[in-house]
Number of protein chains: 2
Amino acid sequence: MQKNNELSGVKEIARRANVSIATVDRVIHNRTGVSAKTKEKIEAIIKEMDYKPNLLARSLASRKVFRFAVLIPRESAETEYWKAPLEGINKAWAEIRMYGVEVVFFHYELNDRQTFNNEANKILKDSFHGILLAPSFISEALEFFYKCEAKKIKCVFINSDISNVSPLSYIGPDLFQSGKLAGNLSKYLIPDGGNILIFNVSRELGAEHHLLKKATGFKSYFEENNSSSTVNMLTVHRTDYDSVMAELAAYLKDSTVDLLFVTNSRVSTVAKYFETNNITNIKLIGYDYLTRNIEYLEKGIIDFLICQKPIEQGYKGLLTLYDYFVESEKIDKVQLMPIDILTKENYKYYKN
Amino acid sequence: MQKNNELSGVKEIARRANVSIATVDRVIHNRTGVSAKTKEKIEAIIKEMDYKPNLLARSLASRKVFRFAVLIPRESAETEYWKAPLEGINKAWAEIRMYGVEVVFFHYELNDRQTFNNEANKILKDSFHGILLAPSFISEALEFFYKCEAKKIKCVFINSDISNVSPLSYIGPDLFQSGKLAGNLSKYLIPDGGNILIFNVSRELGAEHHLLKKATGFKSYFEENNSSSTVNMLTVHRTDYDSVMAELAAYLKDSTVDLLFVTNSRVSTVAKYFETNNITNIKLIGYDYLTRNIEYLEKGIIDFLICQKPIEQGYKGLLTLYDYFVESEKIDKVQLMPIDILTKENYKYYKN
DNA sequence: TAGTAAATAGTGTACGTACCCGAAAATATA
DNA sequence: TATATTTTCGGGTACGTACACTATTTACTA
């Protein structure tokens, strides 16, 4: 069996247009050096043939290399979350490296905004075509983004977005809706009229903006449905177990809570507290498919986990840069991730 | 910026081994015509260099074509379900056709097992390297599978599996667990001790085996949890609205039902019945992200939809054949799909 | 109108691999 | 030893595209 030897490709275009391959090449890449007349003719033929360049041959012949930087938090002792996007990025890289894609990784600490600046500056000193970043710290990320724009470097955001700014694409959850879904799920856990606590656990204020979006979405569910539930919010600026425990204990001493919504992956910290103190009457909703969280989901201490495909975010993030540069495709400005619900019953089948 | 001009590729291997490129090529594809000594030497060098062939160049230079047949149900007036796998297949094909992949489609009617045989025979008369099929009718599919095995044609199953048979891969849901999850979801909808009805809607008995697996899984949840709920099952061998309606009405006249579990995408038919008859006190769980189902999910008539990534099933199905033949990768025998839960709140973000 | 610069078009090689074909070496047969 | 066979290997071209380099045509200047 043979590959389709139908006349196709630049050679056939050249033959039909009575020009050389090089001329066809010129109009395809719309370079200069072709008269308007021939250009028009060739373009017509290309359209008529519905010519699609052979990407294999193209990238084989091209000596071009695209360099992408990745700027995301380092996986921390407190949460393994960022392992997932990294895994997705590496998977994508493996698929496209033969097309001439180079990737350099830069990691900052989620509880230290200065490290973001350090890594960002390293990137700016080097030379990259595109950057895949998690803009955890709004003002720092914004500053960096503008510098990139000035240098004509394309950015793709993952995990959380920044308002009023337009990267090549945002790939991640709709944070508001994600929170709203959490609110909705509460109706399956407790009757209306209960006491609900939104619990934010985050060291850096700047990295917290996306948690607040979730909280807002969560609250909106109750407002829109004229719920008689009471929804309060508590924020802890420490992420270690003892601090979280202390703050939570203090709160629970004065107030009754029927359902607790943790706005990020730190839900396992709360679950651990519930477990050690034998608290079984508070329903618990949180985020992310992490081993520690799954453990508590399995045990029934966490009732629902909401997940947003972190691996896929990384995977799509790098592929988006690739599509833009190598395949020069038009890119969706926003690529929202699904809002997945994990329970004790279905988590085994989840693909992060 | 230039591509890595580090010495790599067959040329470098040939240089190091003091042989020609052709000889290296011979050992790579372990063809005959190379002395044991040189073969050994070249293999050592390949290992040492950790040589990875450039797939682009390989497939560009290769004149090989792989022909795959796709044998799945035609999208019917009653359910658009099979549009989704088809979409996934076409997406995958678009990505790999430049690697020399040909795909021919064959469609059978889900309510007529004879059409399966007709199409299957067409496939056997032609010449294909691999087949992607939905083995809806067990005995017919089994017969076809054995004929393919005899002709050394590789098969990939999607959507439902057949026991005691080993295709190249099965890509689809774990039907038992899927049903079990549905059972679990019931606890969020009705208190324990309720009356539950499993409802199968399927014309052909043979195409129903995977529905029964779901039903078994569903029941197992109640057994394992020592539930006091009553679980009955009803099967209708017509798929048109009037027949379904009649059967259901007859059943409901004699029995009270608190929750109804429809084992396939026909749940919208039931929902329509509920809507027109203003039945609001029966919770409804069903399958698949179809426009009609989503409509009733939005309206609150369907409470949960379970989805199993039909598009991805098709996508992965074709890619699996491709990986096996073109990239000669080792293939996972079973590729289970996630069991996704859709509610009114999160369906908008679902990727089928 | 020659002479020159600018615009336009063509030729040829390279990318990394596959594979045909023929040459050389090794072995077998006479 | 001469010839025929077989085994082993190298040369060279092709895949479809990119691009550097060269050749031709056209337009412009003096």
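All chains are named by letter (A, B, ...) in the order of the sequence lines, taking the proteins before the strands, and each is independently numbered beginning at 1.
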>> For A:Y322 versus A:I96, what's the shortest heavy-atom pair and its separation?
In response: CB-CD1, 3.7 Å

Tell me: [atom1] of [X] to [atom2] of [N], nearest whole Å?
X	N	atom1	atom2	answer
B:M49	C:dT17	CE	P	9 Å
B:N54	C:dG16	CG	C1'	6 Å
B:I21	D:dG11	CD1	P	9 Å
A:L56	C:dA18	CG	P	13 Å
B:K41	D:dT8	NZ	P	15 Å
A:L55	C:dC15	CG	C1'	15 Å
B:N18	D:dT8	CG	C1'	15 Å
B:K64	C:dA18	NZ	P	8 Å

Any side-chain N or O of [X] under 4.0 Å from OP1/OP2 of [N]?
X	N	answer
A:R31	D:dC19	yes
B:T38	D:dC9	yes
A:Y51	D:dT17	yes
B:S35	D:dC9	yes
B:K37	D:dT8	no

Once you measure the plane-to-plane angle for [X] and [Y], does it fall in the parallel (<30°), tilted (30-60°) or perpendicular (>60°) bin?
X	Y	value
B:Y289	B:Y350	tilted
A:F116	A:Y108	perpendicular
A:F68	A:F325	tilted

>> Could you check whether any side-chain N or O of B:K151 sits under 3.5 Å from a backbone N or O of B:L124, counting only pairs where one atom can act as donor and the other as acceptor?
In response: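 Yes.
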
[X] has a side chain; which of [options] sits nearest to it?
X	options	answer
B:R26	C:dC20, D:dC15, C:dG10	C:dC20
B:A61	D:dC9, D:dT17, D:dA14	D:dA14
B:T23	D:dG10, C:dA9, D:dC15	D:dG10
A:L60	D:dC9, C:dC15, C:dG10	C:dC15
A:S20	C:dT11, D:dC9, C:dA18	C:dT11
A:D25	C:dT17, C:dC20, D:dA18	D:dA18
A:A22	D:dA20, D:dT17, C:dA18	D:dA20

>> Apply ring pair (Phe, Tyr, Trp, His ring centres under 6.0 Å) to residues A:F128 and A:F66 and explain how you reach the verdict.
In response: CA-CA 8 Å; A:F128 291 99; A:F66 288 101; over 10 Å; no

> So what does A:T32 hit on the nucleic acid, given a heavy-atom distance under 4.0 Å: a base, only sugar-phosphate, or nothing?
Replying inline: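 No contact at all - A:T32 keeps every heavy atom at 4.0 Å or more from the nucleic acid.
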
> When you match B:A36 and B:A57 each to their closest nucleotide on DNA chain D, which lands nearer the 5' end?
Replying inline: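 Going by which nucleotide is closer to the 5' end, it is B:A36.
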
